[in-house]
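As structure tokens, the structure follows; a few thoughts come after it.
The shown structure was predicted, so the numbers you read here are calculated from the model rather than taken from an experiment. Below, chains carry the letters A, B, ... as their sequence lines are ordered, and counting in each starts from 1. Any value given below was found using the heavy atoms of this structure, including those in side chains, with hydrogens, waters and symmetry copies removed.
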Amino acid sequence: MKRKLVLEKVYNPKLVEKKIYQFWEKSKLFNPDHLPKRHKRPYSIVIPPPNVTGELHIGHALNATCQDILIRWKRMKGFKTLWLPGTDHAGIATQYVVEKQLKKENLTRFDLGKEKFIERVWQWVKKCRKIILEQFKKLGCSLDWSRTRFTLDKEYSQAVKKAFFYYYKKGLIYKGKRPINWCPRCQTSLSDLEIEYKKEEGKLWYIKYPFAKNENSFLIVATTRPETIFGDTALAVNPKDKRYKELVKKKIFLSLPLIEREIPLIEDSAVDPDFGTGVLKITPAHDLRDYEISLKHHLPLIEVIDKEGKMIQVPADYQGLTVWEAREKIVKDLEKLGLLVKVEDYQVSIPKCYRCQTSTEILPSEQWFLKMKDLAQMAKKAVSSGMVKFIPKRWEKIYFDWLSSGKDWCISRQIWWGHKIPLRGREEVLDTWFSSALWPFAALGWPKKSKDLRRFYPTDVLSTDRGIINLWVARMIFSGMEFLKKVPFRKVFIHPTVLTKEGKRMSKSLGTGIDPSLLIEKYGADATRWGIVWQMMGGQDIKFVEDNIVMGQKFCNKIWNASRFVLPQVQDSKFKIPRKFKLKAFKLTLADKLILKALKKTILFVDKSLEDFQFGRAVRSLYNFFWHDFCDIYIEKSKSQLKDNATRETTKKVLIYVLLTSLKLLHPFIPFITEQIYLQLPIFGKKKSLMIENWPE
RNA sequence: GGGUGAGUAGCUCAGCGGUAGAGCACUGCACUCACAUUGCAGGGGUCACAGGUUCAAAUCCUGUCUCACCCACCA
């Protein structure tokens, strides 16, 4: 009674992957509630919800693959596994994407009005979300789709409100007017973490500030921003600077060029005596350090730049100019007056909006803030005490450094897309990270006391990118501790960053990104996963090359063909392989013993590597075992053993045993092909799916 | 200015104290018995540079250079 085998000579992922994914979805085994009884202890991961700003890139594919490997591995080990999918509304980022689309139609969000604009964003979000979730499926992710969440869905809003009022009542949220980062294009405040500094070639202008009582004497100030001169309310020198000691004692006043307002000369240790002339102009409204100094010395605050980035409260000639126009004009005017001493080339760090790359301004504005002192303290403790572990450990430093900086978090944004601040009369929204910070428990149903929350919180692992350790990870940790009294995850795996072959950042705008869908299309999902993981050797960057995916493709083909050899040998429908292969239980040849020993070693190594998040090592040992030990050596040897009556039966058993065990070990990494072959194995005692087979011991 | 990581075969990387390895690419031979997305054989490297420690260094120490990425209130 022979069964027909339907294995093509060459493995074709296109004929397999879609079908297998449908089979999995139908089996409902992604859902922990439908796992067999043996799966008791919970193991959970919530996916870092991708922003609904476009398609997934290869970094997402890498991260998703890592998580799927962990989930599939733990599932086979008998855990009640939940991998929860979702997407992030990504406030300012998504709004910007839609604004860019409008721009192509020569429209702005103000042309549409708020209501129409939000409608438009939703249209985009629905489309985008579908594509993203579809991409995860193509990659083979065993996500529980019945629990999919979005950070702006109705239940999630309840969590955000609850969190806001909790902080508010506790006195941690306060309203205040102070200088903040402002993006003139997005028309919103930004937190410090949402600013990127870019080095640019600028100038350093040396400007004379005449004494108020004696126009022939003056101090020289070096500045990179002459246009803020109108907002100056003092000049400052370092108290240790002997050059200016006498003048400070005399309490002299300077006359501000162009408008002749009198300003004092003060001392402050924040001034670097070695920079320029050692004299600093203090512009409290438009510089954070100047603002700090002004508080100490009770200096007034004069705003001269408005939210559009234009000059205000300045002489008529300047009124309404952009800062760039004003700068040019001021320099010319100072030169005419003989107040410009010299100009030097100087490299400056320009603050940019992290979403639209527009130069931002510092300006005083009324915003909502979250007091960080106690929360930061708590977050630090979570890691220093070992309740949360970073892998690799070196990233903990980044985390601690930021938490020690101790600034309050500006949580209000003046954009339209996001969670409304839940207070009367307010038209602002919350920083998108305020809602992201609640993700590990809000996604599980909080503030309801849900069954999922009880079972799956805290989660086991957070796998994410190093770029958002402070923006997101730190905030999730203190949020979890504040609201649930427990850390949100026990391990933070910081995966390597995928760069181009040239070592450059992958970027959509530069056209250097690589679309994982194209790789899946060309090589199959398994090959893509295998190739990506192959490169994960613990460094902080991966320079992506397609070569490894070619190798993944060849490897899949090898597995396929090894199976094509083994399966016909065991066509007997009554064949049953032993659960465990005890070396002494059968009459084994030397070759048999060697392959079984090598297999045993591989099992241990893969297990240990996965415990340590050493995905690359695991994959390499599997490759060497399967290709060289099994195919090159054992299968070749088995050909003669199968011809010999004395060894035939045992050889068959060893062949199928090693194949099956290999499929189990390989399944977390390359789930499609292994499942496809598993389903065709002519053996007794099979499970419904390889997904829930017992992990080899 | 501070920090992190990296510089090993043409390319991407492993090795991290004891005679230089993998994948891809390349050269030669072999399509009858799982697989030519294969098998066998082969070429190719003063392990960034300079010192030092050691019987022994790609591997440890010191310094230098180059690259990448973070962080920072040099106006």
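You'll find the ring centres of A/F218 and A/Y209 outside the 6.0 Å limit.
Among the protein residues, A/K543 comes within range of the sugar-phosphate backbone only, with heavy atoms under 4.0 Å from sugar or phosphate atoms but none that close to a base. Heavy atoms of A/N470 sit nowhere under 4.0 angstrom from any nucleic acid atom. Within the nucleic acid shown, A/F544 has no heavy atom closer than 4.0 Å to any nucleic acid atom. At the heavy-atom level, A/Q614 lies nowhere under 4.0 Å from the strands shown. When heavy atoms are screened at a 4.0 angstrom cut-off, A/K504 is found touching the sugar-phosphate backbone but no base atom. A/Q535 comes within contact range of the sugar-phosphate backbone alone, with a heavy-atom separation under 4.0 Å but no base atom that close. Using a 4.0 Å heavy-atom cutoff across all strands shown, A/W627 reaches sugar-phosphate atoms only and no base atom. When heavy atoms are screened at a 4.0 angstrom cut-off, A/L280 is found touching base atoms of the nucleic acid. At a threshold of 4.0 angstrom between heavy atoms, the contacts of A/D272 include nucleobase atoms, whether or not backbone atoms are also involved. Nucleic acid contact for A/I635: base, since at least one base atom lies under 4.0 Å from a heavy atom of the residue. A/C631 comes within 4.0 angstrom of a nucleotide base, judged by non-hydrogen atoms across all strands. A/G539 comes within 4.0 angstrom of nothing in the nucleic acid, heavy atoms only.
In this structure, B/rC31 forms no base pair with any nucleotide, since neither Watson-Crick nor G-U wobble geometry is met with both distances under 3.5 Å. In a base pair of the Watson-Crick type (N1 to N3 plus N6-O4 or O6-N4) or a G-U wobble (N1-O2 and O6-N3), with each distance short of 3.5 Å, B/rC73 is matched with no nucleotide. B/rU59 is unpaired under the criterion used here, namely a Watson-Crick or G-U wobble arrangement in which both key atom distances are under 3.5 Å. Of the nucleotides present, none pairs with B/rU37 by Watson-Crick or G-U wobble criteria with both distances under 3.5 Å. Nucleotide B/rG21 has B/rC13 as its partner under the Watson-Crick or G-U criteria, with both atom distances under 3.5 Å. With a cut-off of 3.5 Å on both Watson-Crick or G-U wobble distances, the partner of B/rA48 is given as B/rU64. Pairing of B/rU54, defined by two Watson-Crick or G-U wobble distances under 3.5 Å, is not identified with any nucleotide.
Spacing of P atoms, B/rG63 relative to B/rG2, comes out at 14 Å, to the nearest Å. To the nearest whole angstrom, the two P atoms, one in B/rC33 and one in B/rU38, are 16 Å apart. Annotation: B/rG45 and B/rU8 have their P atoms spaced 15 Å apart (nearest Å). To the nearest whole angstrom, the two C1' atoms, one in B/rU27 and one in B/rA9, are 15 Å apart. A gap of 10 Å separates the C1' atoms of B/rC31 and B/rG39, to the nearest Å. Taking atom C1' in both B/rC65 and B/rA56, the straight-line distance is 28 Å, to the nearest Å. Atom C1' of B/rC40 sits at a distance of 15 Å from the matching atom of B/rC35, rounded to the whole Å.
Comparing A/R466 and A/Y11 against RNA chain B, the residue whose closest nucleotide sits nearer the 5' end is A/Y11. The residue among A/G278 and A/K9 whose nearest nucleotide of RNA chain B is located toward the 5' end is A/K9.
Residues of residues 225-236 of chain A that place a heavy atom closer than 4.0 Å to RNA chain B do not occur.
Counting all heavy atoms, side chain and backbone alike, A/S463 lies closest to A/H495 at OG-ND1, 4.2 Å.
Heavy-atom contacts of chain A under 4.0 Å fall on RNA chain B between two terminal nucleotides, which in 5' to 3' order are B/rG3 to B/rA75.
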